[in-house]
*Asks:* 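Below is a structure I'd like to ask you about.
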Amino acid sequence: MTPLPDLLLEPLVRAALLEDLGRAGDITTDAVIPATQTARVALQARQPGVIAGLDLARLAFHLVEPRIHFSIHVPDGGRVMPGDAIATIDGPARGLLTGERVALNFLGHLSGIATATAGIADAIAHTKARICCTRKTTPGLRAVEKYAVRAGGGSNHRFGLDDAVLIKDNHIAIAGGVATAIKRARSSIGHLVKIEVEVDTLTQLHQVLEYDIDAVLLDNMDPATLRQAVGIINGRAIAEASGRITPQTAPAIAESGVDLISAGWLTHSSAVLDIGLDFLD
C-alpha cells in the first residue's frame, strides 16, 4: 500500500481529537493516571479482516503525546485473525488512554471498509472484473475511505464531480435527451476527461453507443441482461455494473464479462471491524 501523506491525514485526526477532548481535555485520565506513568499496549484484532487506517491511529496517539512509540506488525492491506497483534504502542500512559478512542474509531471504520471490499474482491477473483467504490462516502472522509477500498483490493471510482463526466438519468431528462447531453459534455471538457453514461435498458445502451463515450454504467441489470450488454458493447467502452452488489451476487455479475462492479455501500454501510486496545504486562 502506498500511504496517504500525513499532511492530508493530520487535519482529520486533529478535528476528531478536538471533538473528543472538548473544553477541558481528558478529565478522567488526568485525574486517575499519574503524569509520570508509562504503559505498553497492543492493538489486537477480535475478528478476521483486512487492516486499513494505521497511519490515522498513529497520528491520534502522536498528536496527543509525541513521546509515544507506535510499532506496526500488520500493515494496511494485511489480513488478520482474532488475537493477532496489529501494532504495539508504548509511552506515557495518559497519552495512550486519551488517544485510544479516536485511534480505534478510524482504524475500526476503515478496516471494516477494507474487509467488506476484500469479501467482494475475493468472490470475483476468478474474473477480470474489479470492485470499486462510489462517491457515497462520509463527508470529510472520502480520501481515507477510498484508501480503505484500495487496501481491501478494490479500485476507486471518481473522487469528485470534477474527475470525470458521469451522465445519469436526471442529466438526460433535464438536458432534453441523451444525444444533447453527450454532445454538450464532449464539447466542454478537456481531452483527458472521460465520459460515462448510465443506462437501464439494452435499448438505451444501443442509443448511447452511437456517440463518443468512454464507459457505460449498466444499472440494476440481472446477469443475463448484463451478458447481452457486454456483447453489444463489444469492447467499444468500459462496462460497469451497479446495483444489488453483495458477496453472493457479485460472482454471477462479474462472470457476465463486465470490467467493473461498483457498490456504494462499501463506504457508507460497511460494518466496523472489531479491534481492541489491550494492555500488556
Side-chain angles (χ1 to χ4, degrees), residues 1-45 50-78 86-115 133 135-152 156 159-160 162 266-268 270-279:
M1 289 292 300
T2 301
L4 296 175
D6 282 1
L7 187 65
L8 184 153
L9 301 179
E10 186 171 318
L12 302 178
V13 179
R14 189 178 293 275
L17 287 169
L18 288 171
E19 178 182 59
D20 211 23
L21 289 167
R23 295 166 298 175
D26 185 354
I27 60 175
T28 305
T29 295
D30 290 348
V32 173
I33 306 300
T36 57
Q37 188 165 341
T38 61
R40 184 168 176 262
V41 300
L43 289 168
Q44 292 188 309
V50 178
I51 298 304
L54 281 166
D55 282 336
L56 290 106
R58 169 180 56 80
L59 283 169
F61 291 112
H62 283 176
L63 288 173
V64 170
E65 173 52 78
R67 291 175 293 172
I68 287 176
H69 181 258
F70 193 95
S71 179
I72 295 172
H73 306 307
V74 181
D76 283 352
I86 301 163
T88 303
I89 315 157
D90 60 82
R94 282 186 175 181
L96 295 176
L97 290 168
T98 298
E100 173 185 2
R101 177 42 49 202
V102 168
L104 289 175
N105 283 350
F106 278 119
L107 188 60
H109 174 54
L110 297 181
S111 296
I113 292 172
T115 300
C133 52
R135 287 170 39 244
K136 295 178 181 177
T137 55
T138 307
L141 298 183
R142 181 169 295 174
V144 294
E145 289 178 343
K146 283 183 172 286
Y147 168 85
V149 168
R150 298 195 300 277
N156 295 153
F159 269 71
D162 60 343
L266 291 174
T267 47
H268 71 63
S270 290
V272 169
L273 186 68
D274 191 2
I275 296 171
L277 187 74
D278 298 324
F279 282 77

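For the numbers below, each heavy atom of this structure counts, side chains included, while hydrogens, waters and symmetry mates do not. Please read all numbers here as calculations on a predicted model, not as lab measurements.
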*Asks:* Restricting to salt bridge (charged side-chain N to carboxylate O under 4.0 Å, His left out), what partner residues turn up for Arg40, sequence neighbours left out?
*Replies:*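 Arg40 satisfies salt bridge (charged side-chain N to carboxylate O under 4.0 Å, His left out) with no other residue.
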
*Asks:* Under 4.5 Å between any side-chain heavy atoms of Phe106 and Leu59, yes or no?
*Replies:*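 No, too far: nothing below the 4.5 Å cut-off.
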
*Asks:* Under 3.5 Å, which donor-acceptor pairs link side chains of residues 15-23 to any protein atom two or more places apart or in another chain?
*Replies:*
none

*Asks:* Among Thr88, Val74, Leu104, Ile72, exactly one meets side chain to side chain contact (heavy atoms under 4.5 Å, CB included) together with Leu43. Which residue is that?
*Replies:*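 Among Thr88, Val74, Leu104, Ile72, the one that satisfies the side chain to side chain contact (heavy atoms under 4.5 Å, CB included) with Leu43 is Leu104.
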
*Asks:* Using the side chain to side chain contact (heavy atoms under 4.5 Å, CB included) criterion, which residues pair with Ala52? Sequence neighbours excluded.
*Replies:*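 Once residues adjacent in sequence are excluded, the partners of Ala52 under the side chain to side chain contact (heavy atoms under 4.5 Å, CB included) criterion are Leu110, Ala114, Ala148, Ala151.
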
*Asks:* For Asp278, give me all partners under side chain to side chain donor-acceptor pair (under 3.5 Å), at least two apart in sequence or on another chain.
*Replies:*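 Side chain to side chain donor-acceptor pair (under 3.5 Å) check on Asp278 returns Arg46.
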
*Asks:* If you compare all heavy atoms of Ala103 against all heavy atoms of Phe61, which two are closest, and at what distance to 0.1 Å?
*Replies:*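 For Ala103 versus Phe61, the nearest heavy atoms are CB-CE1, 3.6 Å.
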
*Asks:* Whether the side chain of Thr115 engages the backbone of Val50 through a donor-acceptor N/O pair (distance < 3.5 Å, no angle test) should be reported.
*Replies:*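 Such a contact is found between Thr115 side chain and Val50 backbone.
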
*Asks:* If you round to the nearest 0.5 Å, how far is CZ of Arg67 from CG of Asp90?
*Replies:*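 Those atoms lie 12.0 Å apart.
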
*Asks:* Do Glu145 and His268 have a side chain donor and acceptor closer than 3.5 Å?
*Replies:*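 No, no side-chain donor-acceptor pair sits under 3.5 Å.
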
*Asks:* About how many Å separate CD of Gln37 and OG1 of Thr29, when rounded to the nearest 0.5 Å?
*Replies:*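 Separation between the atoms: 11.0 Å.
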
*Asks:* Tyr147 and side-chain hydrogen bond (donor to acceptor under 3.5 Å, both in side chains): which single residue from Asp76, Thr2, Asp55 fits?
*Replies:*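 Filter result, single survivor: Asp76.
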
*Asks:* So, using side chain to side chain contact (heavy atoms under 4.5 Å, CB included) as the criterion, who are the partners of Pro139 when residues are at least two apart?
*Replies:*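 Pro139 satisfies side chain to side chain contact (heavy atoms under 4.5 Å, CB included) with no residue once adjacent residues are dropped.
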
*Asks:* Could you grab the distance from atom CZ of Arg94 to atom CD1 of Ile68, nearest 0.5 Å is fine?
*Replies:*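 It comes to 12.5 Å.
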
*Asks:* Any side-chain heavy-atom pair from Leu107 and Leu273 closer than 4.5 angstrom?
*Replies:*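 With C-beta onward as the side chain, the pair stays apart.
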
*Asks:* Who passes side chain to side chain contact (heavy atoms under 4.5 Å, CB included) against Val41, sequence neighbours left out?
*Replies:*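 Once residues adjacent in sequence are excluded, the partners of Val41 under the side chain to side chain contact (heavy atoms under 4.5 Å, CB included) criterion are Ile89, Leu96, Leu277, Phe279.
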
*Asks:* Which distance, rounded to the nearest 0.5 Å, do you find between the CG of Leu97 and the CD of Glu100?
*Replies:*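 Atom-to-atom, Leu97:CG and Glu100:CD are 6.5 Å apart.
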
*Asks:* First locate atom OG1 of Thr267, then atom CG of Asn156, and finally report the distance between them rounded to the nearest 0.5 Å.
*Replies:*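 Here the rounded value is 9.5 Å.
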
*Asks:* On a heavy-atom basis, which atom in Ala60 and which in Val102 lie closest, and how many Å separate them?
*Replies:*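 For Ala60 and Val102, the tightest heavy-atom pair comes out as CB-CG1, 3.9 Å.
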
*Asks:* State, yes or no, whether a side-chain contact exists between His62 and Val13 at a heavy-atom distance under 4.5 Å.
*Replies:*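 In short, these two side chains do not touch, never coming nearer than 4.5 Å.
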
*Asks:* Any chance you could measure Arg58, atom CZ, to Asp6, atom CG, to the nearest 0.5 Å?
*Replies:*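 The distance works out to 4.0 Å.
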
*Asks:* Is the shortest side-chain heavy-atom distance between Ile275 and Ile51 below 4.5 Å?
*Replies:*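 Yes - at least one pair of side-chain heavy atoms lies under 4.5 Å apart.
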
